[in-house]
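Written out below as structure tokens is the structure these notes cover.
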Amino acid sequence: YTAFDIDGSNSIDRKELNQFLSASIISLCKIVGLPQPGRVKIQEYTYEAFKIVDADGNGEIDFDEFSKWIKGSDQIQDFLLKYTGI
């Protein structure tokens with residue numbers, strides 16, 4: 001979590017989430033040999049994800065919100081299982 005909190009504010013804002021998702025999506029596309037989505041598509045996904053993850057709607061994602069999102073996402077869990085061997 002702290003790796004994505006670039007400004008050290010103990011929360012993740014929309015810009016930080018976009019940077020995290022951009023790096024993740026582009027890397028995953030390279031790993032599996034898929035075309036990379038454009039910047040606008042990633043931003044659209046970021047806005048939609050932010051609405052979901054920011055459960056209390058305060059404009060920031062705290063550790064609990066981030067943790068619930070990661071643990072509750074079947075897609076993320078499947079990725080972790082497939083590529084980390086856990």
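The first residue in the sequence is number 1, and the count goes up from there.
- Following chains of ILVMFWY side-chain contacts shorter than 4.5 Å, one cannot reach Ile52 starting from Ile12, and the two form parts of different hydrophobic clusters.
- Under the 3.5 Å distance criterion, the side-chain polar atoms of Glu16 are matched with a main-chain donor or acceptor of Asp13.
- Panel note: side chain Ser22, backbone Asn18; a donor-acceptor pair is recorded below 3.5 Å.
- Between Phe66 and Phe4, the ring planes are tilted. Angles from 30° to 60° get that label.
- Checking each of Ile26, Ile25, Ile31 against Cys29 for a side chain to side chain contact (heavy atoms under 4.5 Å, CB included) leaves exactly one that passes, namely Ile25.
- Put simply, the side chain of Asp54 does not reach to within 4.5 Å of the side chain of Glu60, judged on heavy atoms.
- Note that CZ of Arg14 and CD of Gln19 are 14.0 Å apart. Values are rounded to the nearest 0.5 Å.
- Under a 3.5 Å cut-off, the side chain of Asp62 and the backbone N or O of Ser11 do not form any donor-acceptor pair.
- Leu17 and Ile70 fall within the same hydrophobic cluster, where Ile, Leu, Val, Met, Phe, Trp and Tyr residues are linked whenever their side-chain heavy atoms come under 4.5 Å apart, directly or through other members.
- Smallest separation of non-hydrogen atoms from Ile42 and Leu21: CG2-C, 4.4 Å.
- A donor-acceptor contact shorter than 3.5 Å is absent between the side chain of Ser67 and the backbone of Phe63.
- In this structure, the separation between NZ on Lys15 and CD on Gln43 is 11.5 Å, given to the nearest 0.5 Å.
- Under the 4.0 Å criterion applied to side-chain N and carboxylate O atoms, Lys68 and Glu65 are not assigned as salt-bridge partners.
- Side-chain N or O atoms of Asp5 include one that pairs as donor or acceptor with a backbone N or O of Asn10 at under 3.5 Å.
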